[in-house]
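Heads up: the structure comes next, in structure tokens.
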Amino acid sequence: MLDALLAFSEAKLGPLWGPALYELVTSLFFIICITAPLMGAVAYLTLWERKLIGWMQIRIGPNRVGPLGLLQPVADGMKLFFKEIISPSQANTGLFFLAPVMSLMPALAAWAVVPFAPEVVLADVNAGLLYLMGLTSLGVYGVIIAGWASNSKYAFLGAMRSAAQMVSYEIAMGFSLVVVLMVSGSLNLSDIVNGQGKGTFAGMGLNFLSWNWLPLLPIMVVYFVSGVAETNRAPFDVVEGESEIVAGHMVEYSGMAFALFFLAEYMNMWLVSVLTVIMFLGGWQAPIDSAVLNWMPPIGWLLIKMFCVVSLFLWFRATFPRYRYDQIMRLGWKIFIPVTLVWLVLVGAWMQTPYSLWK
Amino acid sequence: MFFEAATFYFFAAVLLVAAVAVVTARNPVHSALFLVLAFFTASAIWMLLRAEFLAITLVLVYVGAVMVLFLFVVMMLDINLERLREGFWSYLPLGATVGILMAAEMVLVLGGRYFDIMLPRPKDYGAAYSNTKELGRLLYTDYMFAFELAAVVLLVAIVAAIALTLRHRKDTKNQDPSAQVRVRAADRVRIVSIPSEDGR
């Protein structure tokens, strides 16, 4: 069908503009195909968060709006949409409104290289992992700019905390990605997933024992916990720290401007989950190679795994008390970075022995 | 080809505007943010030259880490703009000399053919060609010693920076996390059984 569309476009507009317009229209269409369900996922993640934490605390959670509270995200969205956006009197208006966009943009753009199933990816680039690292490192700007442009001490303190925290955990995250890159021998995310479907256990049909999580268990833990810290989620949410600095960089924002920060945070949670699944939990592969499980389409497995991993975020939030700031820094610099460095050398040495799992 | 040229001129224009704004912006935070924009567009231009590894590394290192720390510092400084602008005319001769020198060097580099920037297009090796792999192969084989030497120089710089700033103050209160973890309930809680008054 796409070929027919290309031919039609070329016939109508000529060889120069035809393919260009075709690229533009199809890209836009695919982008919408990714972002629209993503927005829905973000909206319903907020409901799932409140429900799950409610159940964990022996409450019911939201149950008033719609059946089982299922329309709650819609109601929240409507409320935020119709609220007035107030900018503080001495705020730097341009930057103040740029900040929410800056935090949402990288969270959205990163999804371009995420493979959802074999061959189902918007941009199948060779430097996919690098691209992700580069884009996720931009997320901190939204927070910093928001904190500074709000002209408020609480917001500024939040921004300072987040700048330090996000830059610190990026290092540990980068090192864990380097280990994954080393064992897969590719920066392409589809290749990373395909590389996990090979090995002794995969040959026996037990795919889930061949995935990276088993040989790289410490790296996966480091990556996921760093991901929690990068998204500023509990127990690393000193950036927002309601009890000390109200809501950090978001204090002065209202209405849709606030909602954009909120969207960015939840979208980053989904992103960290999907990356954990792709790099350590075999992406779209079924856990056991059997006819019954293969009946499910690959994207179904990816979504199930993503859902389980994203629920871990909520479980953490319901379980752990907030870390003190010096404890966060100690965990990042003195524990995670040495652990990843040692494991990097270990895995490198392991790969050179005859017992290497990755050939 | 047309599309590529249009993209190049767009990024080049943004890069130039951002670079000029770094110098002319009155607010130092705005200057730093314009520098971020300049880095970002420069990386986009490198991407056009099919140097995707360098382009993304530029974003990762300079935009993602270095400029964040820059902003961190600039935002916390209490900069008096009036005082900064006081010495403008006295510094102008020196500044202008350096500026003209740099402009002259750039003209010499571009020199050969007058303003002819139509360099040969980089070869298109197809989608399977990995820039990163080629770069890694060169760095770790042909340029091994230079690369290792650069790493050692960086390590020395890190150690020196830490040695210069690390001071042990007597009056800070530190907590020893391992001691905190090792604490057992028996160390801190004493359970006593107190008989109630009527002896039950």
Side-chain angles (χ1 to χ4, degrees), chain A residues 16-17 19-20 23-24 92 94-95 98-99 102 106 123-141 143-145 147-149 156-157 159-168 170-171 173-174 177 181 185-188 191 323-324 326-327 329-331 334-335, chain B residues 1-4 6-7 27-30 32-34 36-37 39-40 43-44 47 50-77 125-136 162 172-178 180-181:
Chain A
L16 180 62
W17 290 100
E23 276 294 326
L24 185 71
N92 198 318
L95 289 179
L98 179 72
M102 278 297 291
D124 193 15
V125 291
N126 275 330
L129 209 55
L130 259 181
Y131 170 85
L132 277 172
M133 280 164 79
L135 268 183
T136 45
S137 68
L138 292 184
V140 64
Y141 279 98
V143 179
I144 299 186
I145 295 176
W148 184 77
F156 190 63
L157 280 173
M160 290 292 114
R161 286 179 176 192
S162 97
Q165 180 180 328
M166 289 169 95
V167 169
S168 315
E170 228 154 62
I171 303 172
M173 224 172 175
L177 294 188
L181 149 72
S186 170
L187 283 166
N188 187 317
D191 288 351
Y323 266 56
R324 221 168 46 213
D326 61 311
Q327 291 171 328
M329 284 298 151
R330 179 173 169 273
L331 184 70
K334 293 192 181 167
I335 298 179
Chain B
M1 184 64 195
F2 164 75
F3 182 69
E4 204 173 303
T7 327
N27 191 322
V29 173
H30 290 179
L33 287 173
F34 274 119
V36 171
L37 181 63
F39 278 135
F40 202 80
S43 119
M47 197 81 95
R50 291 171 175 69
E52 77 265 9
F53 180 78
L54 288 179
I56 297 176
T57 313
L58 181 72
V59 171
L60 190 66
V61 174
Y62 281 89
V63 179
V66 174
M67 286 313 294
V68 172
L69 298 181
F70 245 77
L71 268 178
F72 196 100
V73 173
V74 168
M75 282 177 179
M76 291 213 277
L77 292 179
Y125 290 101
Y129 174 77
S130 174
N131 191 305
T132 318
K133 215 172 218 165
E134 288 302 311
L135 207 64
I162 293 174
T172 50
K173 291 188 177 121
N174 286 321
Q175 268 146 344
D176 181 5
S178 51
Q180 287 179 323
V181 171

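Chain identifiers are assigned alphabetically (A, B, ...) following the order of the sequence lines, protein sequences preceding nucleic acid strands; residue numbering begins at 1 within each chain.
If you measure heavy-atom distances from B:L33 to chain A, the contacts under 4.5 Å come from the side chain alone. Only the side chain of A:L95 comes within less than 4.5 Å of a heavy atom of chain B; its backbone N, CA, C and O stay farther away. If you measure heavy-atom distances from A:L187 to chain B, the contacts under 4.5 Å come from the side chain alone. Contact of B:V61 with chain A is not made at all, since no heavy-atom distance falls under 4.5 Å. The parts of A:I144 that come within reach of chain B are both its backbone and its side chain, each placing non-hydrogen atoms under 4.5 angstrom from that chain. With a 4.5 Å cut-off on non-hydrogen atoms, B:F40 touches chain A through its side chain but not through its backbone.
Within 6.0 Å of CZ in B:F72 there are more than 12 heavy atoms belonging to other residues, nucleotides or ligands.
One finds the CD atom of B:E52 at 8.5 Å from the CG atom of A:L130 (value rounded to the nearest 0.5 Å).
The aromatic rings of B:Y62 and B:F39 sit tilted relative to each other, their planes meeting at an angle between 30° and 60°.
A:N188 and A:S186 share no donor-acceptor pair across their side chains, judged by distance under 3.5 Å alone.
Checked by atom type and distance alone, the side chain of A:Y141 never pairs as donor or acceptor with a backbone atom of B:G64 at under 3.5 Å.
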